[in-house]
Every structure is written in C-alpha cells, then in structure tokens.
Amino acid sequence: MRSKIVAGNWKMNKTLTETNTLLAELTGKLPDTDAEVMVAPTFVNLAAAVQDVKSSSIEVIAQNMHFAENGAYTGEISADMLLDIGVNTVIIGHSERRAYFGETDEILSKKIISALDKNLRVVFCFGEELEDRKSDNHFNVVSNQLKNGLFNLKPEAWTKIVLAYEPVWAIGTGETASPEQAQEMHSFIRKTIANEYTTKIAEAVSILYGGSVKPANAKEIFSKVDVDGGLIGGAALNADDFIAIIKAI
Ligand code: 13P
C-alpha cells in the first residue's frame, strides 16, 4: 500500500516565533491518522522546527536544496546541512522555484540525483500552466517534466520519490482542479510511470495533488483513487485548516 501524505509547504511565511506557535498548535491538535504529516518551514527555522515536533509524528521537510555537495554557492543549502539537523525529505521542483528562480528541468534533475545520493526522500513537484491546459497540451507538459526529472533514475530509487502534481493555474488562486481533473492527471502520471518502469513501481508511488486545497474541498479530492494526499500552501499556515485537511484524508 502506498502512503497517504498531507504536506504543508509554508513557502516564505512564518517567523521563528510564528513557527513555534503553529507547530505547538499542530502537535497539540494532531488527530490519529495513518497518513504521513509533513511541514516545510523556511530554511532558517528548520532546526527549531525539528525540535518542536520531536515528540510527535510530524516530519519537518525542506522546501529546496542545492545540488552541489558544498562550496562557493552563496545563499544556498546542501543535502548534508539538511541531514545534519534531522531533515530527511526535500521538496524539489516547486513551480515557484521554476518560475521565479530559473530552475530548469536540467537543474532539477541534478538536485534530485544529489538528494537521492544522500538518501534524502524527494517530493518532486511539477504541473502545467494555464496556457498548456487551454491548448490541451497539459499531458505532454507533465510527461516531459516527469521524463526530464525522473526517468534517468534506477528503478530502486523510486522508493525515495513522492510526486506532487500542482497545476500552476491552481496554486494560490483559489481555483482548484476539479476532483475529476486531478484523478485524470494522476491516473495519466501512474500510467506514464508504468510504461517507463513497471506497474509495481507506478502503483507504489504516492502522488499528491497541490493547488488551493482547503478544508472545504479536501475530502472530495482525496477520495479519488489515484490521489494519495495533498501538498498544501495557504491552508497549511492555519492550524485548524491544516488539521481539517489531515482529517479529510
Ligand atoms: P496553495 O494551497 O496556496 O494553492 O499552494 C499550493 C502549493 O503551491 C503547495 O506547494
């Protein structure tokens, strides 16, 4: 059985004080669940966040990392730095990294390889822009993102991969993909992986949906067979909303 996962991507939100407060609320209110619960605070607060969740089942994950082992990369963070503070999972390829920070498929592939080399788990994000969907090119775009990011990996590497389909037009816009659109794409993603690798690998990988998931729509989206959870932005910044989304799974 593949894991169910609810992950909160806090993006560039929450000071240290706010991080401590939100994590105290989350750990206090966390319901009993089979799902893995993850939160991704900003780099500067990761070490404190790891301590904050120590006695709970919440996992603290990173929003990004550099592909180099170390060296002259001012402002960047390495895999070893994450591991050393107890962070074992990293988000790679978020559309905001692609759009605002020039992260190409080639750079993302290097990051994924470096992360896996260090035995980090990778939450790989991808998804089409509105124009792609309007021009009926969304399946092509997604299959290229999968191919360029992941299809050079050995089959055994896939146990360390989580996928997050995040249509760019649904991120922070309040407009979610319909549950049917999410299911259609997730099923396409699984088939694409099965064609490239095996059905077993495709069936074992968790595929999260991201893009304006809220307490009001989470249950319906999560009810789809190929949707294994969510990568949550705005609604992860409020404890009650995030808890409600966890309960929805
Ligand atoms: P929103 O939930 O705010 O749309 O953000 C989704 C997202 O980008 C998570 O990574």
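Indexing begins at 1, ligand by ligand and atom by atom, following the structure's order. Please read all numbers here as calculations on a predicted model, not as lab measurements. FYI, side chains are in, hydrogens and waters are out, and symmetry mates aren't considered; it's all heavy atoms of this structure.
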Legend entry - Residues clustered with Y73, ILVMFWY side-chain links under 4.5 angstrom: none
Legend entry - Side-chain donor or acceptor of Y165 paired with backbone N/O of V142 under 3.5 Å: no
Legend entry - Pairwise side-chain contact, F151 with L146, heavy-atom cut-off 4.5 Å (strictly under): yes
Inset, instruction - Among residues two or more places apart or on two chains, list those pairs meeting side-chain hydrogen bond (donor to acceptor under 3.5 Å, both in side chains) that have a residue in residues 77-92. - result: E59-T89, D80-K118
Inset, instruction - Using modelled atom types only, decide if a donor and an acceptor are shared between the side chain of S114 and the backbone of K110 within a distance under 3.5 Å. - result: yes
Does ligand 1 have any N/O atom under 3.5 Å from a protein N/O, and what are those pairs and their distances?
{"unit_1": "ligand 1", "atom_1": "2 (O)", "unit_2": "S212", "atom_2": "N", "d": "3.4"}
{"unit_1": "ligand 1", "atom_1": "2 (O)", "unit_2": "G233", "atom_2": "N", "d": "2.9"}
{"unit_1": "ligand 1", "atom_1": "3 (O)", "unit_2": "G234", "atom_2": "N", "d": "2.8"}
{"unit_1": "ligand 1", "atom_1": "4 (O)", "unit_2": "G172", "atom_2": "N", "d": "2.6"}
{"unit_1": "ligand 1", "atom_1": "4 (O)", "unit_2": "S212", "atom_2": "N", "d": "2.7"}
{"unit_1": "ligand 1", "atom_1": "5 (O)", "unit_2": "K11", "atom_2": "NZ", "d": "3.3"}
{"unit_1": "ligand 1", "atom_1": "8 (O)", "unit_2": "K11", "atom_2": "NZ", "d": "2.7"}
{"unit_1": "ligand 1", "atom_1": "8 (O)", "unit_2": "H94", "atom_2": "NE2", "d": "2.8"}
{"unit_1": "ligand 1", "atom_1": "10 (O)", "unit_2": "N9", "atom_2": "ND2", "d": "3.0"}
{"unit_1": "ligand 1", "atom_1": "10 (O)", "unit_2": "H94", "atom_2": "NE2", "d": "2.9"}
{"unit_1": "ligand 1", "atom_1": "10 (O)", "unit_2": "E166", "atom_2": "OE1", "d": "3.2"}
{"unit_1": "ligand 1", "atom_1": "10 (O)", "unit_2": "E166", "atom_2": "OE2", "d": "2.9"}

Determine all donor-acceptor pairs shorter than 3.5 Å in which one atom belongs to a side chain in residues 213-222; sequence neighbours excluded.
{"unit_1": "N217", "atom_1": "OD1", "unit_2": "K214", "atom_2": "N", "d": "2.7"}
{"unit_1": "N217", "atom_1": "ND2", "unit_2": "S212", "atom_2": "O", "d": "3.0"}

